[in-house]
2 protein chains.
Amino acid sequence: MEVMNTISQLKQFIYHNKEQKQSIGFVPTMGYLHEGHRSLMQKAKSECDIVVLSIFVNPLQFGPNEDFEVYPRDTERDLQIAQDMNIDVVFLPTVKEMYPSEVNTKVSVSNLTSRLCGASRPGHFDGVSTVVMKLLNIVEPDKAFFGQKDAQQVAVITQMVFDLNMNVEIVPCPIIREKDGLALSSRNVYLNDEERVQAIRLFEALELSERWIGEMNVTTEVLQKHLYAHISSAPLAKIDYIEILSYPDLQPIEKTNTVTQILADKEIIVALAVKFGKTRLIDNRIYTNNTIKVKKQPDLGGIVYV
Amino acid sequence: MEVMNTISQLKQFIYHNKEQKQSIGFVPTMGYLHEGHRSLMQKAKSECDIVVLSIFVNPLQFGPNEDFEVYPRDTERDLQIAQDMNIDVVFLPTVKEMYPSEVNTKVSVSNLTSRLCGASRPGHFDGVSTVVMKLLNIVEPDKAFFGQKDAQQVAVITQMVFDLNMNVEIVPCPIIREKDGLALSSRNVYLNDEERVQAIRLFEALELSERWIGEMNVTTEVLQKHLYAHISSAPLAKIDYIEILSYPDLQPIEKTNTVTQILADKEIIVALAVKFGKTRLIDNRIYTNNTIKVKKQPDLGGIVYV
């Protein structure tokens with residue numbers, strides 16, 4: 001495994017491998033790797049000849065009062081995990097390498113970023129789409145792998161690639177969870193014991209949704225109220241948003257229709273963002289067709305418990 | 001020569017030629033080709049194995065009250081010129097092919113677009129950078145050729161390519177002029193006889209600038225006044241802007257310093273936009289070093305009279 005800090009090093013490596021007709025898989029991360037990242041690397045390894053993992057905590061996607069400075073970092077451990085996963089190259093640039101001067105050019109995906117985390121975190125998705133554009137231009141991968149936990153991010157990147165005719169396939173990968181259902185996130189490390197226990201309410205609410213939709217045939221309005229009641233029963237939970245939107249276009253849907261009526265026409269996402277203390281957690285589930293079950297993800301077969 | 005209307009056709013052609021290790025040159029245009037475009041094609045042919053010319057009047061870069069609908073078009077003549085120039089492929093997409101749905105994703109280069117045409121034409125450069133990004137991703141050229149008449153456009157595209165780590169070299173090419181000095185533009189066809197005669201004032205003012213700077217050692221403030229006086233002496237001229245900025249970063253410069261003092265440190269651009277009737281003309285000249293002469297352009301040797 002090679003660790004590269006500069007763009008020119010990596011470009012040379014990519015150039016050489018493209019000459020050899022090797023397909024390139026790319027897993028962009030902010031490091032502090034967990035089983036979710038590991039599943040992305042595994043999928044990339046299974047589908048591509050060469051896999052590049054990037055570790056870059058991108059300042060552009062953090063707001064002024066967010067956790068850029070304290071975002072968890074452990075490069076040594078990350079490199080060990082990458083090595084165990086047989087990653088070919090870890091790209092580990094400095095902020096200066098990625099942004100040698102003031103950031104003048106931004107990529108914005110407007111229709112998908114006004115709601116959910118886009119509303120809570122102004123500028124966040126411009127930062128994401130801009131850095132992903134840069135990384136995709138540097139790595140020139142055939143496929144890039146993203147976790148579905150950040151469902152809005154996946155939608156934004158997929159739209160950007162389509163709109164700008166980029167030459168890469170975006171592969172969404174299923175959410176990976178702890179045994180008790182908590183979606184894996186590098187930020188889970190921030191949770192204290194009490195918060196960690198209560199954080200399970202997000203997963204519970206998503207699980208219960210299936211019954212509320214399937215057995216009680218709720219409207220989206222009522223579903224939202226149930227979700228709200230279940231999560232807010234955790235004393236430490238501060239709800240940022242609980243939204244039910246069409247997917248992947250993230251548009252509002254008729255509140256007075258039942259969810260099953262809506263599912264006859266389109267997919268929906270139930271998306272949650274909840275703070276426990278200083279830690280903001282997100283989770284989601286995508287419902288499809290007019291059957292009340294979790295959308296099956298390609299290959300890895302739906303939600304995976306680790 | 002092949003004429004292609006679809007992105008998939010063109011991508012297939014590009015893929016095939018990249019397999020054969022052919023270098024790709026790209027000349028993006030809005031058609032109604034003139035000697036300026038011809039010089040870009042010539043340079044592309046001399047530097048690349050395969051040359052793709054695109055003809056696409058991009059609605060995204062026109063304002064609501066601008067001339068998108070009436071922008072001059074003559075595809076048949078354009079194809080004849082492309083054939084004469086031994087162009088390999090002309091890419092001639094419909095608006096629907098380039099923008100199959102609402103435009104959600106935009107590329108913005110903020111620092112370079114607040115002045116000059118960016119100030120006069122809000123949203124214009126977002127439209128330019130977005131369509132150029134799309135075209136560059138479709139054609140994947142080694143080099144792309146742009147005319148220096150649109151000096152701000154060249155600066156914006158060059159900055160975008162740098163900021164987003166795009167894999168293409170932007171080649172600026174010198175302004176091509178009519179015998180009397182009028183910079184070539186597809187929009188010149190709009191001018192009536194009287195306007196056409198008076199339009200020469202832009203070139204005259206740029207020529208005179210050299211004397212004002214070199215012989216009279218004017219400050220930028222005085223240079224601007226002289227330019228203003230000379231151009232506005234044409235009764236039909238309505239000045240949009242006359243600006244003297246640093247180049248290529250397009251920042252304001254100290255008005256009370258003489259131009260020669262400023263040229264000791266940096267390059268400057270004298271940029272003009274003037275309306276004659278409904279026709280908006282632009283022209284510019286870049287001054288470099290502390291010598292008062294026109295900046296030499298690579299290969300084609302400065303301003304070329306046709």
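Within every chain, numbering begins at 1; the chains are lettered A, B, ... in the order of the sequence lines, protein sequences first and strands thereafter.
Using a 4.5 Å cut-off between heavy atoms, Thr113(A) makes no contact with chain B at all.
Contacts from residues 7-16 of chain B to chain A, taken as heavy-atom pairs separated by less than 4.5 Å, involve Ile7(B), Lys11(B) in sequence order. Contacts between residues 117-137 of chain B and chain A, counted as heavy-atom pairs separated by less than 4.5 Å, involve Thr130(B), Met133(B), Lys134(B), Asn137(B).
With chain A as partner, the option from Pro100(B), Ser101(B), Ser108(B) having the largest number of non-hydrogen pairs under 4.5 angstrom is Ser108(B).
Under the ring pair (Phe, Tyr, Trp, His ring centres under 6.0 Å) criterion, Phe62(B) pairs with Phe68(B), Tyr71(B), sequence neighbours left out.
Interatomic distance, Met98(B) CE to Asn165(A) CG, rounded to the nearest 0.5 Å: 6.0 Å. Once rounded to the nearest 0.5 Å, the distance linking CG of Asn167(B) with CD of Glu140(A) reads 4.0 Å.
Within a 6.0 Å sphere centred on CD of Glu102(B), heavy atoms belonging to other residues, nucleotides or ligands number 12 at most.
Contacts classified as salt bridge (charged side-chain N to carboxylate O under 4.0 Å, His left out) and involving residues 16-27 of chain B (residues at least two apart or in different chains) are given here: Glu19(A)-Lys21(B), Lys21(A)-Glu19(B).
A donor-acceptor pair is defined here as one N or O able to donate and one able to accept, closer than 3.5 Å; such a pair exists between the side chain of Asp163(A) and the backbone of Thr105(B).
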- Query: Yes or no on side chain to side chain contact (heavy atoms under 4.5 Å, CB included) for Asn104(B) and Leu112(A), after CA distance, side-chain angles and deciding distance?
  - Reply: CA-CA 8 Å; Asn104(B) 297 308; Leu112(A) 297 177; over 6 Å; no

